[in-house]
Each structure stands twice: as structure tokens, then as C-alpha cells.
Undergrad: 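I have a structure here, written as C-alpha cells, and I will follow up with some questions on it.
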Amino acid sequence: MTKINIERLMKNIESLGTIGENAQGGIDRALGSEADVLARRWLMEYWKERFHRETKVDAIANMWLHVENGEDRKAIVLGSHHDSVPNGGKYDGALGVLMATEVVETILEQNIKLKHPLTIVSFTGEEPNPYGISTLGSKALAGRIRKDQIRNYFHRDTLENLADGIQRLGGDIEMWEKIPGKEEIGSYLECHIEQGKRLEAMDLPVACVSVITGIYREQITVTGEANHAGTTMMECRKDALLGACEVALAVEAVLLELQDKDIVGTVGYIKNMPNEANIIPDQTTMILDVRISNEEKKLEMQHQINERVKAIEAKRGVRVHRSVILNQPAQPMSEVVIRAVSQGIRQTGLQPEQLISMAGHDASNVAAMADSGMIFVRSIDGKSHCKEEYSTPEDIEACANAMLRAVQILDEEMAE
Ligand code: HGY
Ligand code: MN
Ligand code: MN
């Protein structure tokens with residue numbers, strides 16, 4: 001039975017994992033950062049050295065490595081993203097790109113001929129980032145963002161326009177029509193760490209993803225009145241930060257009342273103005289992130305939040321402005337890819353369980369244009385989006401071998 005080279009894969013995970021490493025041992029590799037640039041360079045050099053091919057960088061700066069190991073058909077695309085959250089781990093995203101790379105290297109080394117060409121992709125800006133748009137590269141691919149919308153986004157600290165950021169990364173939004181389309185991509189398979197504890201609980205190293213959760217995000221700005229922190233009586237204040245705190249707690253209460261273990265919500269970003277010890281805050285902005293797949297419950301949630309926010313405005317004399325910045329429905333994975341992944345897992349001697357992904361992934365967007373699926377690797381202690389993120393080499397090896405098989409099965413099963 002053909003096997004991938006786990007030593008090589010682990011070495012690559014370690015090498016890429018040094019790019020953007022900070023003093024605390026976490027990774028800072030946000031869209032457009034110097035580390036993003038360096039990670040791209042690392043991948044391109046590695047792909048050039050191993051595959052003797054140049055990377056194609058599309059209009060939104062997604063990186064594509066095409067390997068003509070099949071007939072002139074639509075490609076089987078494997079990959080993920082190389083950017084990270086602030087102080088993140090070295091597996092989220094990077095593992096998927098490097099596992100795709102390892103699977104393709106093995107297929108070429110072992111001279112396994114396929115009917116379909118293979119492509120590795122590393123998507124641009126999958127994670128939330130200072131430009132305010134996540135899964136950017138796969139949104140562009142799926143037609144979920146248009147060229148003319150790109151210029152509406154600016155880096156919240158440097159004020160760089162997103163189009164200019166993309167240009168720094170080797171993209172060019174003027175070449176929008178050259179982003180690969182449906183006629184090129186036959187199927188997409190992404191490996192990712194589970195980022196939860198369910199595989200640990202099941203005592204399994206890998207699983208096949210059935211559905212990717214819906215994600216709903218709002219930017220919420222609470223406006224009050226700045227004033228002196230010492231001289232303003234408690235009853236005379238319009239404190240934006242306290243209003244924001246009440247909104248965040250109200251959202252938590254609404255979500256708990258929905259009584260559904262597949263609904264979770266977080267306020268993970270907050271900016272307080274003017275943010276000084278002796279000034280009552282006059283403007284507090286937060287981002288609410290809710291994972292919710294049931295559309296009816298989403299409407300109920302919105303209604304309940306509206307009601308509670310009105311009451312908070314009245315009580316505190318503040319104004320709350322909310323804008324929906326992401327409203328992505330749940331996305332089932334394609335049957336043909338689920339079957340291939342399940343069989344691939346079975347052929348490596350493991351039980352092919354299916355899991356819902358509670359994290360968002362590029363596969364959710366790619367599913368709008370091609371058969372898409374995912375395979376998960378067990379996360380130790382369920383940790384992710386933190387430096388403690390870890391998966392064992394044994395589990396990674398099991399996943400890569402299952403993926404190698406899944407690719408060959410998919411190659412047989414794909415309609416075109
Ligand atoms: O936020 C997410 O679910 C993913 O990690 N991008
Ligand atoms: Mn992530
Ligand atoms: Mn990820």
C-alpha cells in the first residue's frame with residue numbers, strides 16, 4: 001500500500017511554522033502581513049524545487065500549482081490557506097496546504113497516473129483580518145465577492161486599500177476574469193485540523209466532514225458621550241463601553257435561550273474610543289461572530305437581539321448601530337467527495353465517521369462552484385486559534401494516507 005512520507009511532511013510543517021512566529025511561540029500571519037509575504041515565498045520556492053513548476057498567482061493572490069498528471073480534464077484541487085489568526089497555531093490552514101503538497105509529491109514519486117490533473121491551492125486571507133473580510137480568496141473564486149467591492153475595504157490600522165494589499169501579495173484585481181472558474185475545477189478536497197474535541201471523544205484520528213456550519217457576523221457600534229471620568233455623576237453618563245458590554249451579555253443570553261448545542265457566539269474583537277483612563281468612552285465597536293446553521297433559529301436570534309438592543313439603548317441613552325458583515329448559510333459537502341473520503345479512511349483501516357464542521361473553511365465557498373469536501377485530523381485537547389494547537393504526527397500520517405486514497409477514488413468517481 002502506497003504511503004506518504006511523514007518525515008517530510010512534519011519537516012515542512014515545522015519550517016512553514018517558523019514564519020510569523022512571535023515571542024510567545026504563537027504565529028502572526030494575517031492577510032497582507034510581512035509573514036504572509038514570506039509564507040507565500042516559502043511555498044513558491046518549495047513547489048518550484050519539488051515540482052519544477054511555477055506558481056500561478058491569480059487576481060486575488062490565491063496561489064495555484066498545477067500538475068499535469070492526468071488527461072485534459074477539470075482538476076482535482078487540494079489545499080487550504082496559509083494565513084493565521086493573531087497568535088495562532090501552525091496547523092490551522094498550513095496543514096491543509098502542506099498535506100495537499102505531500103499527497104501530490106507522493107502521487108508523482110510513485111508514478112500514480114490519474115484521469116484528472118492535480119492542483120494545489122493556498123487561498124488568500126481565509127481568517128478574519130485587519131481588512132475586515134475573511135475567506136477572501138475563496139469568496140472571489142466562488143463569485144461571492146465582486147471586483148468592484150474590493151476597493152471598499154481598508155486595513156483598520158494602516159488604512160491601506162485592500163486592492164493595494166492584494167497587489168503587494170502578487171495579485172492584481174484588474175485581472176479578475178482570470179480567476180479559475182467552474183470549467184477548471186472539478187472537485188476540491190481540504191484537510192484541516194478538527195479544532196474541537198469530538199474526535200478525541202470518539203478515539204479516532206480522522207473523520208469526514210458532512211456539513212460546514214453557517215456563520216453570521218455583525219459589526220456593532222455603540223455610541224455614547226465622552227466626558228470627564230471624575231466630574232460626571234454616575235446618573236449623567238452615556239457610557240458606550242458599558243452599553244457594548246450589555247449588548248454582548250444580551251447576545252449570550254439570546255443564544256443560550258435558543259438551546260441548541262450547534263449554536264455558539266463570540267464577541268472576540270472590541271475597540272474602545274478614546275480608550276483613556278479618565279475619559280468616559282464615547283464609541284465602542286465590536287464584532288459578533290455566531291455559528292448557526294438553522295435559518296429559522298437565525299431569524300429568531302435576530303428578532304430577540306433587536307428587542308434587547310432597543311431596551312439597552314433606552315436604559316443607557318446610547319445608540320447602537322449594527323451591520324451584518326457576513327451571513328453565510330450552512331454548506332453541505334458534496335456526496336461524491338464524502339464517499340471518496342469515507343472510503344479512503346476505510347481503506348486505511350479506520351472507521352469513517354462524519355462530523356459537522358463548527359469552523360468556517362474555504363471549502364464552504366468552493367462548494368458553490370465544484371464538488372467539495374473535507375477531511376479532519378484530531379486536535380489535541382480541542383485547541384485551536386491559539387499557540388497550543390497541536391495534532392500528533394501519527395494522526396497526521398493517518399489523515400494523509402486516507403487523503404491519498406481519497407484522491408484516487410475521487411479520480412475514478414468524478415463525473416467529468
Ligand atoms: O473562523 C473560522 O471558523 C475559521 O477558522 N476561519
Ligand atoms: Mn482558523
Ligand atoms: Mn483554517
Side-chain angles (χ1 to χ4, degrees), residues 4-22 24-47 49-51 55 57 61-65 77-105 119-129 134-138 169 188-195 206 209 357 359-363 366 374-380 383-393 395-397 399-400 403:
I4 61 94
N5 182 336
I6 187 62
E7 285 77 30
R8 180 169 61 194
L9 176 51
M10 293 313 298
K11 187 164 161 256
N12 289 339
I13 292 168
E14 292 310 316
S15 299
L16 186 54
T18 62
I19 301 176
E21 195 173 11
N22 61 33
Q24 296 86 51
I27 309 281
D28 292 321
R29 211 156 63 207
L31 171 67
S33 63
E34 186 54 22
D36 183 359
V37 174
L38 293 175
R40 288 165 180 273
R41 197 173 297 157
W42 188 96
L43 281 170
M44 285 191 214
E45 283 173 7
Y46 186 84
W47 287 344
E49 181 195 314
R50 304 303 302 189
F51 303 116
T55 300
V57 182
N62 294 323
M63 299 196 299
W64 304 88
L65 196 280
V77 180
L78 310 176
S80 189
H81 61 97
H82 62 269
D83 63 318
S84 82
V85 294
N87 207 21
K90 58 184 163 207
Y91 300 85
D92 179 351
L95 175 68
V97 178
L98 295 172
M99 189 171 291
T101 303
E102 177 55 41
V103 166
V104 175
E105 274 196 79
T119 296
I120 307 169
V121 65
S122 191
F123 284 112
T124 292
E126 193 272 350
E127 300 286 5
N129 54 66
S134 56
T135 60
L136 172 62
S138 54
L169 300 174
Y188 175 68
L189 175 55
E190 176 169 353
C191 155
H192 207 279
I193 49 169
E194 181 207 347
Q195 311 179 283
V206 300
V209 175
S357 171
H361 297 287
D362 290 309
V366 185
M374 296 189 73
I375 183 165
F376 272 173
V377 188
R378 171 164 50 193
S379 289
I380 299 304
K383 293 252 195 284
S384 186
H385 286 184
C386 58
K387 65 179 171 31
E388 288 77 19
E389 187 177 274
Y390 181 65
S391 294
T392 65
D395 288 357
I396 292 173
E397 183 176 22
C399 184
M403 189 159 166

Undergrad: Looking only at atom types and distance, does a side-chain atom of E389 sit under 3.5 Å from a main-chain N or O of D92, one as donor and one as acceptor?
TA: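 Yes, because the side chain of E389 sits within donor-acceptor range (under 3.5 Å) of the backbone of D92.
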Undergrad: List for me each residue that meets side chain to side chain donor-acceptor pair (under 3.5 Å) alongside E397, sequence neighbours excluded, and say none if there are none.
TA: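 E397 satisfies side chain to side chain donor-acceptor pair (under 3.5 Å) with no residue once adjacent residues are dropped.
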Undergrad: Flag the pair E105 / N5 as yes when at least one side-chain heavy-atom distance between them is below 4.5 Å, and no otherwise.
TA: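 A side-chain contact under 4.5 Å is absent here.
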Undergrad: With a 4.5 Å limit on heavy-atom distance, are the side chains of L95 and S80 in contact?
TA: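 Counting from C-beta outward, L95 and S80 never come under 4.5 Å.
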Undergrad: Drop me the distance from R8's CZ to I13's CD1, to the nearest 0.5 angstrom.
TA: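 One finds 12.5 Å between CZ of R8 and CD1 of I13.
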Undergrad: Show the nearest heavy-atom pair for residues L98 and L16, with the distance to one decimal.
TA: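 Looking at all heavy atoms of both residues, the shortest contact is CD1-CD2, 3.8 Å.
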Undergrad: Any side-chain to backbone donor/acceptor pair from T135 onto S138? Under 3.5 Å, distance only.
TA: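 No; judged by distance alone, with no hydrogens or angles, the pair does not exist.
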Undergrad: K387 and G25: which non-hydrogen atoms are nearest, and at how many Å?
TA: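 Taking every non-hydrogen atom into account, CB-O, 3.8 Å.
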Undergrad: Check whether T119 reaches the backbone of V77 with its side chain - one donor and one acceptor, N or O, closer than 3.5 Å.
TA: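 Here the side-chain-to-backbone pair does not exist.
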Undergrad: So, S84 side chain and I27 main chain: donor-acceptor pair closer than 3.5 Å or not?
TA: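 Flag set: sc S84 to bb I27 pair under 3.5 Å.
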Undergrad: Could you report the tightest heavy-atom contact between S384 and Q195, atom names first, then the distance?
TA: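 Result for this residue pair: OG-NE2, 2.8 Å.
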Undergrad: How about V57 and L169: do any of their side-chain heavy atoms sit closer than 4.5 Å?
TA: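 With C-beta onward as the side chain, the pair stays apart.
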Undergrad: Given 3.5 Å as the limit, does a donor-acceptor pair link the side chain of R29 with the main chain of I19, or not?
TA: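 Here the side-chain-to-backbone pair exists.
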Undergrad: Strictly distance-based, threshold 3.5 Å: is any side-chain N or O of E388 a donor or acceptor partner for the main-chain N or O of K383?
TA: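 Checking the backbone N and O of K383 against the side chain of E388, no donor-acceptor pair under 3.5 Å is found.
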Undergrad: For the atom pair CH2 (W64) and CZ (F123), what is the distance rounded to the nearest 0.5 Å?
TA: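 If we round to the nearest 0.5 Å, W64:CH2 and F123:CZ are 4.5 Å apart.
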Undergrad: Do T124 side-chain atoms and N62 backbone N/O form a donor-acceptor pair below 3.5 Å?
TA: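 Indeed, once roles are kept as given, a pair shorter than 3.5 Å links the two residues.
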Undergrad: Of all heavy-atom pairs between V209 and S357, which one has the smallest distance, and what is that distance?
TA: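 In terms of heavy atoms, the two residues are closest at CG1-CB, 4.0 Å.
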Undergrad: Atom CG of L43 and atom CD1 of I120: how far apart are they, to the nearest 0.5 Å?
TA: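 One gets 9.0 Å once the value is rounded to the nearest 0.5 Å.
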Undergrad: What distance separates F376 CZ from E194 CD, expressed to the nearest 0.5 Å?
TA: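 Going from the CZ atom of F376 to the CD atom of E194 covers 6.5 Å.
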Undergrad: Does E21 form a side-chain contact (heavy atoms from CB on, under 4.5 Å) with K90? I'd like the steps, not just the answer.
TA: CA-CA 9 Å; E21 195 173 11; K90 58 184 163 207; 5.8 Å; no
Undergrad: Indicate yes or no for a side-chain donor-acceptor contact from R40 to the backbone of A61 under 3.5 Å, with no hydrogens or angles considered.
TA: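 Between the backbone of A61 and the side chain of R40 there is a qualifying donor-acceptor contact (under 3.5 Å).
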Undergrad: Between S391 and R378, is there a donor-acceptor pair closer than 3.5 Å when you use the side chain of the first and the backbone of the second?
TA: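 Here the side-chain-to-backbone pair exists.
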Undergrad: Roughly how far, to the nearest 0.5 Å, is OH of Y390 from OG of S379?
TA: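 OH of Y390 is found 12.0 Å from OG of S379.
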Undergrad: Looking only at heavy atoms, which two atoms of M99 and I396 are closest? And how far apart?
TA: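 Here M99 and I396 meet closest at CE-O, 3.6 Å.
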Undergrad: Between atom CE of M63 and atom CZ of R41, what is the distance when rounded to the nearest 0.5 Å?
TA: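 It comes to 11.5 Å.
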Undergrad: Hey, is the main chain of G79 close enough, under 3.5 Å, to the side chain of Y188 for a donor-acceptor pair?
TA: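 Yes: the side chain of Y188 pairs with the backbone of G79.
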Undergrad: Should R50 and T101 count as side-chain neighbours, where that means a heavy-atom distance under 4.5 Å?
TA: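 Contact flag for R50/T101 side chains = no.
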Undergrad: Measure across G360 and E126 and return the closest heavy-atom pair with its distance rounded to 0.1 Å.
TA: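 Shortest heavy-atom contact: O-OE2, 3.2 Å.
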